[in-house]
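Position 1 is the first residue of the sequence, and the numbers go up from there. Side chains included, hydrogens not; waters and symmetry mates left out as well; all remaining heavy atoms used.
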Amino acid sequence: MTGKRKPAVVLLSGGIDSTTTLYIAKALGFDLYAITFNYGQRHSIELSMARLCAERLDVRKHLVLDIDLRQIGGSALTSDMEVPKAVNSQEQAQSQIPVTYVPARNTIFLSLALAWAEVIGSEDIFIGANAVDYSGYPDCRPEFIHAFENMANLATKASVEGSLRYKIHVPLIDMTKAGIIRKGAELGVDHSLAWSCYDPEMRNGKYLPCLRCDSCVLRIKGFKEAGISDPLSDA
């Protein structure tokens, strides 16, 4: 890009995918506006990671929104439902939509990101959705992203008046977890600041990944296939 940098809203959860996506948006020359959601998830570690990552990349603004999805529930991440452990394979993880699916989460998050994008005059929204090595969530599929992008261009004042044409960027959509980790390493991602575990355990006064939930299993598999040491799981 030349001249003034275009603003981009990046959904930043504090995990590997969203952190890598933030670095990609930066590498593409966008002016970064990160948005993170405190939605009643089981722990706040990922929120701390998101804040540290945003500070490291000198984002223009990091917006942390409080949304209590625990009042809706329906997920092991937003209720007292037990997080499944010891998933043995990607096929098993994807055989059915797991209980860690949060109802309509990406629809809600993208809608709020869209609202912010319209206010700051950004037509570019980045999300780290992935449809290869993932937990089988329906709102990570390309069909969903395309449908939301179409909706965004029908639903806002800026798009109807023609001042903005929204694009939902999903740079990781067709990448394996190993590919995402390698891409992050190339861009300088500090993987110690990217959290994955759904159900961390307190040991010796410190939260550590459980290494058994499906998110941990996918992370371990990804680092192993990438040939890169994981600063969290290998600690």
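Partner of L172 under the side chain to side chain contact (heavy atoms under 4.5 Å, CB included) criterion, chosen from I24, V132, I127: I24.
Counting only N and O atoms by type, the side chains of D124 and S122 include no donor and acceptor under 3.5 Å apart. For the residue pair T156 / S159, a side-chain donor-acceptor distance below 3.5 Å is found, with atom types taken as modelled. No hydrogens or angles considered: nothing links the side chains of N130 and D17 as a donor-acceptor pair under 3.5 Å. Remark: the D230 side chain and the H191 side chain contain no N/O donor-acceptor pair separated by less than 3.5 Å. Side-chain contact annotation: Y137 with T100, donor-acceptor N/O pair under 3.5 Å present.
Between A129 and I145 the shortest heavy-atom distance is CB-CD1, 4.3 Å. S75 approaches S79 most closely through the heavy-atom pair O-OG, 2.6 Å. Between W195 and P200, the shortest heavy-atom contact is CZ2-CB, 3.5 Å. For the pair C210 and C197, the tightest heavy-atom approach, listed with the atom from each and the gap, is N-SG, 3.2 Å. When all heavy atoms of A194 and T19 are compared, the pair lying nearest together is CB-OG1, 4.1 Å. Across C216 and P209, no two heavy atoms sit closer than the pair SG-CB, 3.9 Å.
Hydrophobic clustering, with ILVMFWY side chains joined whenever heavy atoms are under 4.5 angstrom apart, groups I35 together with I67. Clustering ILVMFWY residues whenever any of their side-chain heavy atoms sit less than 4.5 angstrom apart, transitively, puts I120 in the very cluster that holds F37. Linking ILVMFWY side-chain heavy atoms closer than 4.5 Å, directly or via other members, places L193 and Y207 in a single hydrophobic cluster.
No more than 12 heavy atoms of other residues, nucleotides or ligands lie within 6.0 Å of CD in E82, so this atom counts as exposed by the packing criterion. Within a 6.0 Å sphere centred on CG of D80, heavy atoms belonging to other residues, nucleotides or ligands number 12 at most. The neighbour count for H43 NE2, taken as heavy atoms of other residues, nucleotides or ligands under 6.0 Å away, is above 12.
Using a 4.0 Å cut-off between charged side-chain N and carboxylate O, E161 and K157 make a salt bridge. We find that D139 and R105 are not joined by a salt bridge, their nearest charged nitrogen and carboxylate oxygen being 4.0 Å or further apart. Comment: K4 does not engage D31 in a salt bridge, judged by the lack of any side-chain N to carboxylate O separation of less than 4.0 angstrom. Under 4.0 Å is where a charged nitrogen must lie from a carboxylate oxygen, and between E186 and R182 no such pair does.
Residues forming a side-chain contact (heavy atoms from CB on, under 4.5 Å) with D68 (at least two apart in sequence, or on another chain): R70, Q71.
Side-chain atoms of F148 and S111, non-hydrogen and from C-beta on, do get closer than 4.5 Å to each other. For the pair R51 and H62, the minimum side-chain heavy-atom distance is below 4.5 Å. Here the side chains of Y23 and R56 are in contact, with some heavy-atom distance below 4.5 Å. M175 is listed as a side-chain neighbour of I180, based on a closest heavy-atom distance under 4.5 Å. Between F126 and V9, the closest side-chain pair of non-hydrogen atoms is not below 4.5 Å. Side-chain contact check for L110 versus F144: some heavy-atom pair is nearer than 4.5 Å. Proximity of K177 to K221: side-chain heavy atoms (C-beta onward) are nowhere separated by under 4.5 Å. Inter-residue side-chain proximity for T21 and V10 is flagged as met; some heavy-atom pair is nearer than 4.5 Å.
The aromatic rings of Y33 and W116 sit perpendicular, their planes meeting at an angle over 60°, well past the 30° parallel limit.
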